[in-house]
Structure formats: structure tokens, C-alpha cells
Amino acid sequence: MEKILITGAIGQIGSELTMALRERYGKENVIATDIRMPTDVDLRDQGPFEFLDCLDPHHITRVMQIYQVDTIYHLAAILSAVGEAKPNQAWMVNVNGLYNILEAARQYHCALFVPSSIGAFGRSTPKDKTPQDTIQRPDTMYGVSKVTGELICDYYHKRFGLDSRGVRFPGLISYETEPGGGTTDYAVEIFFEALKHKKYTCYLKEDTSLDMMYMPDAITAMIQLMEADPSRLKHRNAFNVTAMNFTPAQLAEEIRKHIPEFEIEYSVDPIRQEIADSWPNSLDDSAAREEWGWNPKYSMAALTKDMLDKITERIELPSEQKSR
Ligand SMILES: NC(=O)c1ccc[n+]([C@@H]2O[C@H](COP(=O)([O-])OP(=O)(O)OC[C@H]3O[C@@H](n4cnc5c(N)ncnc54)[C@H](O)[C@@H]3O)[C@@H](O)[C@H]2O)c1
């Protein structure tokens, strides 16, 4: 029976991954951990929760012993925009925290999932259909820490036989939990603002093209990769994965099909714009498709409809707006 530990379980990905893994493997077999206490009742009460700082190696191994963990999804991290404001903390959590998790996984013979990001690419990377194996010279602390993470996970596989696996996620879009301070957060905020105020001020330029993915596809990717036949995996860590590609202007146009009065304005944040400009326009995810059958379901149109429907159910709106 699998015993799964999730770090950073209260974050944008972790909160949904925890529920999906509990559904699949049984509530008692999925241990959610974070340095924040969960406010979500389901996450807190439906299965074990532990306070766990990934910068504390002794506490990591203690929790692993108590629960006899054999698989780790390591999601604790500092994201791109916060990482530029706090580079020291980004290095500590994203590199030293990962190192502590790798050592614990090696010691206790655990399988390990670690997500990388499109942020692991930089200005000198080919921008369109960015290949799986290519130039990676990012100039943000987030990017530097993500490339370091990809390399050290590959090293632990090669040197110690650790079963480490990972993907490079594009921007992730979801409605359950607020995003944690990344450059693609606009693609979440825009839906809430469109429904609440029919207006959104975007911090990226209208023609900034980035790859994106809806959270249900991201959850499928993680579970599918961790369950994949290891003999088929040539890359192991940091598979490019993507589902769709759009600019803020194109997403606004799609939202207007549902909310015709929706207006978008632009007030560019130079820091997040610079980060976005250094990332690929689009990714080539053929290695993930060939090696473990990656095949996303949600297009921009399907994502837009589902986000608007789900958020409408959640937020309090005047009744005439609900009947849109
Ligand atoms: N969300 C995206 O769009 C996206 C895209 C690409 C890659 N990723 C990667 O996926 C992973 C998870 O991202 P997310 O969006 O869920 O992030 P998030 O910011 O929403 O969540 C991260 C969680 O880590 C926790 N954390 C921070 N420091 C910690 C520490 N020292 N010990 C333990 N926990 C700590 C935070 O409390 C938070 O709940 C990260 O590695 C991120 O780089 C995310």
C-alpha cells in the first residue's frame, strides 16, 4: 500500500493534488504537510495533516518514519514573482529544501515527484516550440533554482538510483486556491474579476504569449507520470508539458463570449513583464507524449467555460448576474 507525503500541500497545486490522491489511494495514506495550517475543512479533516518545514531535515525524516512514507510529492517552493522580491528565501526553499527532501527520499527509498517550470528557460532558449533538451540560462532566482532542481534530481537518479520524476509546468489555472505569487497569476485573477466587476486590469502586455494548463490536467500529469512504467522513461525529470497557449488579449476575447460587457485594461508591472518575456512562447511536449502518454483534455475554450461555471457557483453574486 502506498504511503504518500505531500509538501507545500496548502498551495495552489497541493490543495487539489491532496484531495485527488486521497480519492485514489485512500484518505489515511496521504499525509498533507505545509508550514501553514489549512483553513480548508476537507484538507484538514479528511486525512493526516502535519506541520512540516522542508528546511528542517530532522523533522522530515521523523514524519517519514512515523508514517512509513514511500512516495513524496514535493511542492513546497517560492514562486517566480515572490522569488524576485526575496531571492535569498527562494534559494533556501527551492534548493536547500529540495536537497533535504532528496536526502530523505534516498535514505528511505522513496519515489519522488518534483515539479519544474517554464521558468527554467531563459532569453537564450529557442522561444517557439521550445524543445525538451535545449539551452537553459534563466536570469531569475526562480529559474536558477528550478534548473538546479532539475539537475540535482537527475543526479540522484543516476548516482543513487532514486526514482525521481518531474515535469516543467506552464502557468496553472485553477479556482480552489489563490495562486502563490507567480508570473501567470493573471490567468486566474481575470476570471474572478470578470465575474465580480466585469473588468480586469492586467499586469502583462496584451500580446504576451505563454503556455498554460487547467489544474485537472496538471493533476492527471503528476499521477500519470508517477504511475508510468519506468522502463519507458528516457528523461525522468523535467518533462515539458503543456495544454494551451494564449495572450491576455486572446483570453479576454474568449471570456467575452460568455460575458460580452467584459473589459480588459493594461497596467504593466515591469518585473513580471520582464520575467514573462524571458520565458518561452510555447513548449514542445512530444517527449512526455511519447514516454508516458501525456494527453491533456482542456483547451482554452473548455477551460474558460468551466472556470466561469465553477466560480459562479462559489462566489456570491447578485441573482441577475448568476443567470448569465
Ligand atoms: N502554480 C503554477 O502555475 C506553477 C507553474 C509551474 C511550476 N509550479 C511549481 O509547482 C510547485 C507548487 O506550486 P504552487 O503553485 O502550488 O505554489 P504555492 O505558492 O501555491 O504553494 C507552495 C506552498 O509551499 C509552502 N511552503 C513555502 N515554504 C515552505 C517550507 N519552507 N516548507 C514547507 N512548505 C513551504 C507554502 O506555504 C505554500 O503552501 C512549485 O515547485 C512551483 O514552482 C507551479
Side-chain angles (χ1 to χ4, degrees), residues 5-18 20 31-40 43 49-57 59-60 63 72-86 88-101 104 112-121 138 140-150 153 166-189 210-215 217-219 221-222 237-244 272 275-276 279-280 283:
L5 179 92
I6 305 175
T7 69
I10 298 181
Q12 190 192 3
I13 301 178
S15 54
E16 297 202 37
L17 180 68
T18 300
I31 302 99
T33 73
D34 205 296
I35 49 167
R36 297 182 286 155
M37 291 307 284
T39 47
D40 181 286
L43 192 71
F49 179 86
E50 294 281 342
F51 180 92
L52 183 63
D53 185 343
C54 67
L55 296 177
D56 181 348
H59 197 185
I60 295 169
V63 170
I72 304 172
Y73 286 76
H74 178 53
L75 304 179
I78 303 298
L79 300 201
S80 56
V82 179
E84 280 317 278
K86 299 175 183 169
N88 177 276
Q89 197 190 347
W91 177 266
M92 291 293 284
V93 176
N94 296 1
V95 179
N96 297 358
L98 171 60
Y99 179 78
N100 291 338
I101 293 289
L112 174 64
F113 175 87
V114 181
S116 186
S117 157
I118 51 172
F121 297 117
T140 62
M141 180 50 93
Y142 181 68
V144 169
S145 71
K146 284 294 171 189
V147 176
T148 308
E150 291 183 8
C153 286
V167 298
R168 291 184 189 122
F169 277 130
L172 298 181
I173 300 170
S174 65
Y175 53 86
E176 294 276 4
T177 307
E178 274 187 35
T183 301
T184 55
D185 291 3
Y186 91 84
V188 174
E189 293 163 5
L210 290 168
D211 273 7
M212 300 278 177
M213 186 183 294
Y214 198 24
M215 192 59 83
D217 277 332
I219 301 293
M222 290 183 272
N237 290 292
F239 282 95
N240 284 0
V241 287
T242 185
M244 65 190 84
R272 284 181 285 188
I275 296 174
W279 290 356
L283 297 183

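Every number for a ligand or one of its atoms is a count from 1 in the order of the listing. Since we're looking at a predicted model, the values are computed, not measured.
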Checklist entry - Is Asn94 reaching over with its side chain to a backbone N or O of Ser145, donor-acceptor style, under 3.5 angstrom? => result no
Next on the checklist: Under 3.5 Å between any N/O of Tyr142 and any N/O of ligand 1: does that happen in this structure?
Outcome noted: yes
Checklist entry - Is atom CD of Glu178 surrounded by more than 12 heavy atoms (other residues, nucleotides or ligands) closer than 6.0 Å? => result no
Next on the checklist: Can you see whether Thr33 engages Thr7 through a side-chain donor-acceptor pair at a distance of less than 3.5 angstrom?
Outcome noted: no
Checklist entry - Got a donor-acceptor contact below 3.5 angstrom from the Asp211 side chain to the Pro170 backbone? => result no
Next on the checklist: What protein heavy atom lies closest to atom 10 (O) of ligand 1? Include the residue and the distance to one decimal.
Outcome noted: Ile13 CD1, 3.2 Å
Checklist entry - For atom 21 (O) of ligand 1, which protein heavy atom lies nearest, and how many Å away is it? => result Gly11 CA, 3.2 Å
Checklist entry - From Ile13 CD1 over to Phe169 CZ, what is the distance, rounded to the nearest 0.5 angstrom? => result 5.0 Å
Checklist entry - Taking non-hydrogen atoms only, is Pro179 closer than 4.0 angstrom to ligand 1 via side chain, backbone, both or neither? => result neither
Checklist entry - With a cut-off of 4.0 Å, which atoms of ligand 1 are near a heavy atom of Phe169? => result 5 (C), 6 (C), 7 (C)
Checklist entry - Between Leu79 and ligand 1, which part of the residue brings a heavy atom under 4.0 Å of the ligand: side chain, backbone, both or neither? => result side chain
Checklist entry - Of the backbone atoms (N, CA, C, O) and the side-chain heavy atoms from C-beta on, which set of Pro170 has a member under 4.0 Å from an atom of ligand 1: side chain, backbone, both, or neither? => result backbone
Checklist entry - Which bit of Lys146 gets closer than 4.0 Å to ligand 1, counting heavy atoms only: side chain, backbone, both or neither? => result side chain
Checklist entry - When you check the side-chain N and O atoms of Glu150 and Ser116, is any donor under 3.5 Å from an acceptor? => result yes
Checklist entry - Within the side chain of Glu16, is there an N or O that forms a donor-acceptor pair under 3.5 Å with the backbone of Met215? => result no
Checklist entry - Cys54 pairs by side-chain contact (heavy atoms from CB on, under 4.5 Å) with which of Leu75, Val93, Asp34, Asn100? => result Val93
Checklist entry - Which heavy atom of the protein is the closest neighbour of atom 28 (N) of ligand 1, given with residue, atom name and distance? => result Ile35 CD1, 3.5 Å
Checklist outcome for this item: shortest atom 33 (C) of ligand 1-to-protein heavy-atom contact is with Leu52 O, 3.3 Å
Checklist entry - Does ligand 1 have an atom that lies less than 4.0 angstrom from a heavy atom of Gly149? => result no
Checklist entry - Taking atom types as modelled and ignoring hydrogens, do the side chains of Ser174 and Gln12 form a donor-acceptor contact shorter than 3.5 angstrom? => result yes
Checklist entry - Quick one: nearest non-hydrogen protein atom to atom 3 (O) of ligand 1, plus distance? => result Leu172 N, 3.0 Å
Next on the checklist: On a heavy-atom basis, I'd like to know which of Pro38, Pro115, Ala77 is closest to atom 22 (C) of ligand 1.
Outcome noted: Ala77
Checklist entry - Can you list the atoms of ligand 1 that are under 4.0 Å from a heavy atom of Ser117? => result 6 (C), 7 (C)
Next on the checklist: Considering non-hydrogen atoms of the protein only, which is the closest contact for atom 32 (N) of ligand 1, and what is the distance?
Outcome noted: Cys54 N, 3.0 Å
Checklist entry - For ligand 1, which part of Arg36 has a heavy atom less than 4.0 Å away: the side chain, the backbone, both, or neither? => result side chain
Item to check | Lys146 side chain vs Pro138 backbone, donor-acceptor pair below 3.5 Å | outcome: no
Item to check | Close-contact set for ligand 1 against Gly8 heavy atoms, below 4.0 Å | outcome: 23 (C), 24 (O), 25 (C)
Checklist entry - Are the side chains of Ile173 and Met213 in touch, meaning some heavy atoms are under 4.5 Å apart? => result no
Item to check | Which residue and heavy atom of the protein sit nearest atom 37 (O) of ligand 1, plus the separation | outcome: Asp34 OD1, 2.6 Å
Item to check | Closest protein heavy atom to atom 31 (N) of ligand 1, given as residue, atom name and distance to 0.1 Å | outcome: Asp53 OD1, 2.9 Å
Next on the checklist: Does any part of the side chain of Arg168, heavy atoms only, come nearer than 4.5 Å to the side chain of Phe121, both counted from C-beta?
Outcome noted: yes
